[in-house]
> 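Got a structure for you, questions after.
For ligands, and for the atoms within them, numbers begin at 1 and follow the listed sequence.
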Amino acid sequence: MSTPTLAELTARVIRHRDERDWGQFHTPKELAISLAVESAELLALMQWKTGDQLARQVADKRPELTDELADVLHSVLLLAADLRIDLGDALEQKLVKDALKYPVEKARGRNVKYTDL
Ligand SMILES: [Mg+2]
């Protein structure tokens, strides 16, 4: 089986929603909240861990991390679909903007915000 495209994944999550008649609850605000909640669930799996402990946690909790990352993507796909945002185009355009903010010659190997480059 080949890797599904964004369009195929979007159709899949919309079908999942429609089968359950959950679209009535999915305002952009509620989907953005879901996105933040699922991101927080991902963070919670790594909270308070550093160094070797974090590396071990990431290895031990891989199934849970995978689930939460999938939940984040699920929310992103629904929100983008409802707002009619093409995620492929959006990412391409954002990468262009970010490349201007973070020129390779200034940003390479540095972990500072663009305002401090
Ligand atoms: Mg979750």
> Just to be sure I understand the site: which N, O or S atoms from the protein are less than 2.8 Å away from the Mg ion (ligand 1)?
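Protein N/O/S atoms under 2.8 Å of the Mg ion (ligand 1): Glu38 OE1, Glu41 OE1, Glu68 OE1, Asp71 OD2.
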> Between Glu30 and Thr27, is there a donor-acceptor pair closer than 3.5 Å when you use the side chain of the first and the backbone of the second?
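Absent.
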> Contact between Leu54 and Val58 at the side-chain level, heavy atoms closer than 4.5 Å - yes or no?
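Yes; the side chains approach each other to less than 4.5 Å.
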> Distance-only check: which donor-acceptor pairs under 3.5 Å involve side-chain atoms of residues 76-91, not counting sequence neighbours?
unit_1, atom_1, unit_2, atom_2, d
Asp82, OD1, Arg17, NH2, 2.9
Asp82, OD2, Arg17, NH1, 3.0
Asp86, OD1, Gly88, N, 2.9
Asp86, OD1, Asp89, N, 2.9

> Going by the rule side chain to side chain contact (heavy atoms under 4.5 Å, CB included), which residues pair with Arg110 if we only count those two or more places apart in sequence or in a different chain?
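Partners of Arg110 under the side chain to side chain contact (heavy atoms under 4.5 Å, CB included) test: Val112, Leu117.
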> When clusters are formed from ILVMFWY side-chain contacts under 4.5 Å, directly or step by step, what else is grouped with Val37?
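Ile33, which link up through side-chain heavy atoms under 4.5 Å apart, make up the rest of the cluster.
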> Using a strict threshold of under 4.0 Å (side-chain N to carboxylate O), is an ion pair present between Glu19 and Arg15?
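Yes, this pair counts.
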